[in-house]
Structure formats: structure tokens, C-alpha cells
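Notes follow once the structure below has been shown.
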Protein chains: 2
Amino acid sequence: MTSIKDVAKAAGVSTATVSRVLANNAPIKAETRERVLEAVAQLNYRPNLIARSLRAQKSAKIGLVVSDIRNPFFTAIGRAVEDAAYEQGYSVLMCNTDENPEKEELYLNLLHDENVAGVIFSPTQQFSAASHSYNAKMPFVIIDRAVESKETDMVLLDNVSAAYELTTHLLENGYRKLAGLFGDASTTGQERSRGFHKALKDYQLNPVAAHFISPRIKQGYDTTIALLEGTNRPDAIFTSNSLLTAGAFQALRDKKISVPNEVALVGFDETTWSELVDPPITVIAQPTEEIGRTATELLFQRIQEPSRSPKTVILKGTLLVKGSSKKK
Amino acid sequence: MTSIKDVAKAAGVSTATVSRVLANNAPIKAETRERVLEAVAQLNYRPNLIARSLRAQKSAKIGLVVSDIRNPFFTAIGRAVEDAAYEQGYSVLMCNTDENPEKEELYLNLLHDENVAGVIFSPTQQFSAASHSYNAKMPFVIIDRAVESKETDMVLLDNVSAAYELTTHLLENGYRKLAGLFGDASTTGQERSRGFHKALKDYQLNPVAAHFISPRIKQGYDTTIALLEGTNRPDAIFTSNSLLTAGAFQALRDKKISVPNEVALVGFDETTWSELVDPPITVIAQPTEEIGRTATELLFQRIQEPSRSPKTVILKGTLLVKGSSKKK
DNA sequence: TTGTAAGCGTTATCAC
DNA sequence: GTGATAACGCTTACAA
């Protein structure tokens, strides 16, 4: 391990001078600078970031804490965050909580202990509920899921109106017997359910069903099967995230239900497959790239100016109308 | 920031004693231990991992370097790696190279400078070609893409025989005019093309076409369109990764080609959508969980015993026969 | 313009 | 059993 000392020795200067040359933040005689740079090149010296972090009391890393990177929404967010971080010379620690508050706490502690510069964080329900004061420990930007505290930067989707728009689209296209499947692991599901109900109310209708379930393909499948086998079969199914959509789609296919003729299907998040299946699925596309990028930029802002007042950015989804919700 | 000094002061002992209590690696009087632990709890002390890393000359982090975490294969690998690392108390730095050798080098340097304990690494073609000696700098496990050097641990798929099996499956089902789309960014595409050609040779056939293209949905789409519009239309399309499969599928749909009646389609990697589309796609499923886990375990082995002789683990894919390659 | 030296928070060595 | 202290590699007052 070649250190700054070796360079100093080789260049015949002090470590301070080497440091200054590298940081380029102090007047240095041209000739000295040259000698130092030569030694650096010669020895193939690379600064030790750990030492630098210890000294500076913070590292050029940010944490990304989400339930599961395999959820296509978070995959896209993760990539966008990494891109934005990379541009600023930061790197990203990936943390999956599996909606498990203990894992979440463990990771937040770890990130704190690693002196990360900040965290981009989609909290579990339990975290959201408890009014944590993690803010004090390190900069945070919350994404996707609202928390009570107004002291935190957040980047959220306008879930209520997105769900309202999506539901209204179904109603306008003549569907009347709507069932909703909502994820029970986050505020997102609740908000989307609010928009769903609001739209139905405007039409003076009640939902055929509205279930809060674990946001997984299997639960989406099972619940949809039950709906289809029940006495009051819906003519349209609203799902609040892409895993539930996948499960519902699978159930409709297995039950040989024609979509949308017998039952329509709509959901959230544009995925590789939502376009590819037959019929393609009508969804609210979230601006994942923008969410990830905005969150990262907000985080850098806060790192720079820890006391600036918290900002909440609310982005709009885009309704992509496809075959799965064709006019009746 | 409460440090070990504060704890020492509060407990009326030296920092050394606090350290020993926490490490639990030296005899300590029960009463002292208690006092220390009390102070730790009182002050809510958490060891600074940066300082620990500096002192120990390595950190409990591993790097994950892949082309793009959004590729479903790497998404799954990433999650598996994170799980295995988490179990050992390690965390994962996510690095996307976009098949860009400069980004790759930048990241490898960064990881080195961060003193990571090791790297799980799917190299670009350029890296594989150059016989790098990164091994010296930090432990490596190569995944997915073979490199020349036999001095590195690797976890690979038996690509040639997987492709051979997949192609033979087409031939056995009566398809004769086969076209192959292979990713040009990695050894994987080359190996899979070898298996493809080998199987055809066994049947004394030549492929209708065999293209090495950028492994992206768009290129898969464009190339397939060209194939379908060409004079010698294939009756089956072989794709070497899931992005190409998606592109090809889209093209077949847009061209209103009936699958598999007019043209069959097969590929690699089980994805959410490969099951969901109509017809579902016949694929070689890679054991992503096992690849990620094995790679991580190999890495930990090497971290523990840097001199043990390199190991290459070759895993088998599983042919999942679905509707897209039904018997003619 | 440059050097000296303190200090970031740990842990390991040595002494008692 | 416990305490001083040096060292990990870096940056930054403070001096010169």
C-alpha cells in the first residue's frame, strides 16, 4: 500500500505539500507541483478514501434503502440514483429491507456507522408510523412513501390523483363493477385506494371489492382467483402495484377470462412486460428516472446546506392507455 | 458523535478496555465489563466503522460490478449477493458499468480505494481481453462472463451446453430454419452461439442467420423485423439474453406473426414476463440465486484464505419448455 | 510557499 | 486485568 508518505519521500517534500498538490487548494510552486505529480505517477499512488473519510468525518457514499430492488419500480429508481450519484463522485450502498422494520433499522444504523453522506429511503410502514428522529443523525430523502414528519425532504407521486385518474378512465370506458387490490405494506397502497374510492364516489358507485394484501405476485394471484370465483364478479380490476398486476393478470389468464371483454385490468408502473402481454396493460407510469434523480439532487442539496427548509416534491404519473381497459 | 473516549470516560476506564469489552477478545473483570456496557448503552455509543476500517486496513463491504442492474439477470444476482453479504455482516456497493471499460476501471479503482474486502464482477469484453492483474489488488470473483486468466475464482453457466440443449429442443420439435441473435458485449453471447451452431451441425444444418448485436431490446426488435422482412424467413428465433428476447417478441407481435406456428422463439433467463406473455417463452433458466450466493461465498473464502487455489464453479441452466416452441 | 504536528476513532502491542 | 500509546493515512491549522 503506497501512501502519501511514500510520495512525499519520493518527491522530497512533506506530506502536507503532497496533500495540497492533490487537493489543488493552496499555492504551490510550479516546480514542486511537478515533482509531486511525477512521484504520484511513478508510485501509482491513490489516496486512501477510508483515511480521508475518517479525517473529513464523512464519506462520499449514499445509502439506498428500499424494500426489494427486484421490484421493477425500485430497480429503476436504484439505477437512476446510481447514475446521479456517480456524476457527483458518490457511490451507492444497496440495502433491501423486505418490509422488515428490524432489517431497516439495522441498515440505517449501519449507514450511520459508515458515515454515509446521506440516505435515499423508502420506509416501511412501521417506520413511517413511528415519528423517528433519524434526521438528526444524517441527511435523508424519503421516496415513494409519505411519512408524517414534515422535517424531511420527500419525493412522492401524487398517488391519490393518479389512482383517481386511472379509476375514472375505467368508469368512463363503461366499467361499473370495480374491484381494487392494494398493497398493505405502505402508505402508497392507502393513498391509491383513496383515489380509487373517490372516483367511484363521483359516479355514486361502490366497489365490488377492495382488498389490502401483501404486495406480491402470489397474493395478487390468489385474491384475483377468489374474486373471479366469487358471486359478484367484477368487470374491472384495479391494482396498486406491478406485482399485484402480474398476479392478477396470471389469474385472469389461468381462468381463461378474456381481457378486457370480460374483465378489464389496470395498474401502476410501466414494466418490460406490461407492454408485451396480450392485451398490453393500461397503467399509470411513474417517472422513475426523475424520482431517483430528484431525490439524489435533493440529498446533495441538503448535504451542502443541512439547515435549508425541507422540500416535498410531488410528481405526476402518466396514464398510458392500452388494450386492457378498452371501451366497453 | 460519541466515541470510544466518551465511553471510557463515563465508565472510568481506558479506551483499550472499552475496545476489549466490545470485541470480547480478552479477559475482563465482570464488574468492569458491566460498567462499560452500561456506559455504552447510556451514551448510545456505536463504533465508527470508518475508523475501524482504517485501523484494520479493510472494510466490511463488497463491490458488485455489473453492466446494468436493470437487466433482470443482474437484478436477481444483485439481490442474491446482497442477501448472502448481509448474512455475514457485509454491505454491497452497487456499480453499473454500462459495458463501458472506462466506467469499469473507474469503479474498480474506487472500490480499491475504499478498501473493500472484495468484488463480485461481471467484466466487460475489453476487460476480459486485457489480462488484468487486479487480482493482486483485491479479491475477485468473476460471474457470468469467463475471463482468460485462470487465477481468478469464477461462477459461470455452462453456456455452450445450455445453448446446445435449447437449440436441440427446437430441432427436435421440427424447426429447421433457425436464426440466432447473440449479444455482442460479452463472452456469454459467443459461447451461446457456439452451442447453437454445434446443435445445428449435429443436424447437418446451417443457420438462416446469426447476428451479434448490442444486447438491448431495441436491437433485438430491429434485427428481428429485418429477419421477418427478409427473403429467407426463419421458422424459429434463438436469443441469447432476455433483452433480445423481449425485442424479438415485440417484433413478432407487431408483425402479427403467430408464435410458434409461424415462428418459434426461445431465449435465456426466466423473467416475470416470460411466463406472462402469450405464448409463454421457452427459456433456459439460470440459477441466479445460486450464482449470486456461490459467488459471494467464494469471495468470503478467498478473503479468509487469499492463497487458496482458484476455483471455477460451472452451473447448469434448466430448460423450461413453454408454448413458444411447441412441436410443429 | 512549505513544513510540523495534531487529530479523526479504532485496535494492538507492550508494560505494569 | 488494565492502562498508555503508537499507528492506520489523511488534511489542516499554525509556524516559519
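Chain A is the first sequence line, chain B the second, and so forth, proteins listed ahead of strands; every chain is numbered from 1.
Partners of B:D68 according to the salt bridge (Lys or Arg N to Asp or Glu O under 4.0 Å) rule, which considers only residues two or more places apart in sequence or in another chain, are A:R79, B:R70. Applying the salt bridge (Lys or Arg N to Asp or Glu O under 4.0 Å) criterion to A:E87, with sequence neighbours excluded, gives A:R293.
Between A:K58 and A:I303 the shortest heavy-atom distance is NZ-CG2, 3.9 Å. Nearest heavy atoms, B:I50 versus A:E114: CD1-O, 3.4 Å.
Within a heavy-atom distance below 4.0 Å of DNA chain C, no residue of residues 31-43 of chain B is found.
In this structure, A:K103 satisfies the cation-pi test against B:Y86, with its NZ or CZ atom closer than 6.0 Å to the six-membered ring centre and inside 45 degrees of the ring normal.
A donor-acceptor contact closer than 3.5 angstrom is absent between the side chains of B:R145 and B:T187.
Every pair passing side-chain hydrogen bond (donor to acceptor under 3.5 Å, both in side chains) that includes a residue from residues 36-47 of chain B is listed here, sequence neighbours excluded: A:D113-B:R46.
Looking only at distances, a side-chain donor or acceptor of A:T75 sits under 3.5 Å from a matching main-chain atom of A:I69. For A:D98 (side chain) and A:N100 (main-chain N/O), no donor-acceptor pair under 3.5 Å exists by modelled atom type.
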> Can you check side-chain hydrogen bond (donor to acceptor under 3.5 Å, both in side chains) on A:T124 and A:E104, steps first, answer last?
Replying inline: CA-CA 8 Å; A:T124 64; A:E104 175 175 67; 2.8 Å; yes
> What string of B, S and - do you get for nucleotides 8-16 of chain D, 5' to 3', if B is base contact, S is sugar-phosphate-only contact and - is no contact with any protein heavy atom under 4.0 Å?
Replying inline: BBBBBB---
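Taking 4.0 Å as the cutoff to heavy atoms of chain A, we find the contact window on DNA chain C bounded by C:dT1 to C:dG9.
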